[in-house]
Amino acid sequence: MRLADLCEIKFNMSDVDFWIYARGTEKSLGMPTTDPDNNEKKIGIKVKEEAKDKLDPKYLFYVFMNLNNSQYWQTNGLVYGSTNLRNIRIEDVKNLSF
């Protein structure tokens, strides 16, 4: 099952459970946040209502914290861009398997 099957995942979403940083330094990529400021550089993630019995949004937040701390995006070749401004693709987030 892919994350996209359980969640809405888009840029510039305002009504979300949390965001992850999609652009910035390599260290900040994929880091989850609940701060709504500057969300055009963040990927919004909202667990679909019909999936809330399968996936808790708070648990998913901690899953993304673990992915960031373990440098999942970097070690799996999912970081793109120049040396100073790095990116992760929304498709890579949507294709995470559970």
Side-chain angles (χ1 to χ4, degrees):
M1 181 172 291
R2 296 177 331 129
L3 187 61
D5 298 332
L6 302 172
C7 299
E8 292 180 50
I9 304 168
K10 298 178 187 173
F11 279 103
N12 290 328
M13 285 177 57
S14 57
D15 181 31
V16 298
D17 296 315
F18 62 93
W19 294 269
I20 62 168
Y21 286 97
R23 295 185 185 110
T25 65
E26 200 163 329
K27 185 177 180 181
S28 69
L29 288 177
M31 184 184 326
T33 181
T34 56
D35 180 14
D37 292 340
N38 203 11
N39 69 3
E40 68 272 358
K41 295 182 180 180
K42 300 174 191 169
I43 298 171
I45 298 178
K46 181 169 182 69
V47 176
K48 295 176 183 175
E49 272 311 309
E50 61 270 16
K52 287 196 174 178
D53 61 330
K54 297 179 185 100
L55 184 61
D56 185 317
K58 292 178 183 174
Y59 172 77
L60 186 58
F61 182 89
Y62 286 105
V63 168
F64 274 94
M65 281 182 70
N66 183 43
L67 291 174
N68 179 260
N69 290 336
S70 65
Q71 296 185 332
Y72 171 81
W73 309 104
Q74 294 83 350
T75 57
N76 288 291
L78 301 175
V79 175
Y80 304 92
S82 68
T83 26
N84 293 333
L85 183 61
R86 309 293 287 183
N87 305 288
I88 57 175
R89 296 185 306 189
I90 197 166
E91 284 304 312
D92 293 330
V93 177
K94 288 180 176 182
N95 288 328
L96 286 173
S97 297
F98 281 85

- Could you go through the side-chain contact (heavy atoms from CB on, under 4.5 Å) check for L29 and L78 one step at a time? CA-CA 10 Å; L29 288 177; L78 301 175; over 6 Å; no
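Sorted by first then second residue, the side chain to side chain donor-acceptor pair (under 3.5 Å) pairs that include residues 47-70, not counting sequence neighbours, are E49-K52. A side chain to side chain donor-acceptor pair (under 3.5 Å) check over residues 26-43, counting only residues at least two apart or in different chains, returns the pairs T25-S28. Sequence neighbours left out, the pairs with a member in residues 86-98 that pass side chain to side chain donor-acceptor pair (under 3.5 Å) are R2-N95, Y80-R89, R89-D92.
Taking hydrophobic clusters as Ile, Leu, Val, Met, Phe, Trp and Tyr residues chained together by side-chain heavy-atom distances below 4.5 Å, L55 shares a cluster with I20. In terms of hydrophobic clustering, with Ile, Leu, Val, Met, Phe, Trp and Tyr side chains grouped at heavy-atom distances under 4.5 Å, L67 and M31 are assigned to different clusters. Hydrophobic clustering of Ile, Leu, Val, Met, Phe, Trp and Tyr side chains at less than 4.5 Å, counting indirect connections, keeps L85 apart from I90. No continuous path of hydrophobic side-chain contacts links I88 to Y21 [ILVMFWY only; heavy atoms under 4.5 Å].
D17 pairs by the salt bridge (charged side-chain N to carboxylate O under 4.0 Å, His left out) definition with nothing, not counting sequence neighbours. Under the ring pair (Phe, Tyr, Trp, His ring centres under 6.0 Å) criterion, F11 pairs with no residue, sequence neighbours left out.
The closest side-chain heavy-atom distance from I45 to V93 is below 4.5 Å.
The distance from atom CG of L96 to atom CG of L6, rounded to the nearest 0.5 Å, is 11.0 Å.
The other residues sharing a hydrophobic cluster with M13 are V16, W19, where clustering joins ILVMFWY side chains under 4.5 Å apart.
Of all heavy-atom pairs between P32 and F18, the closest is CB-CD1, 4.0 Å.
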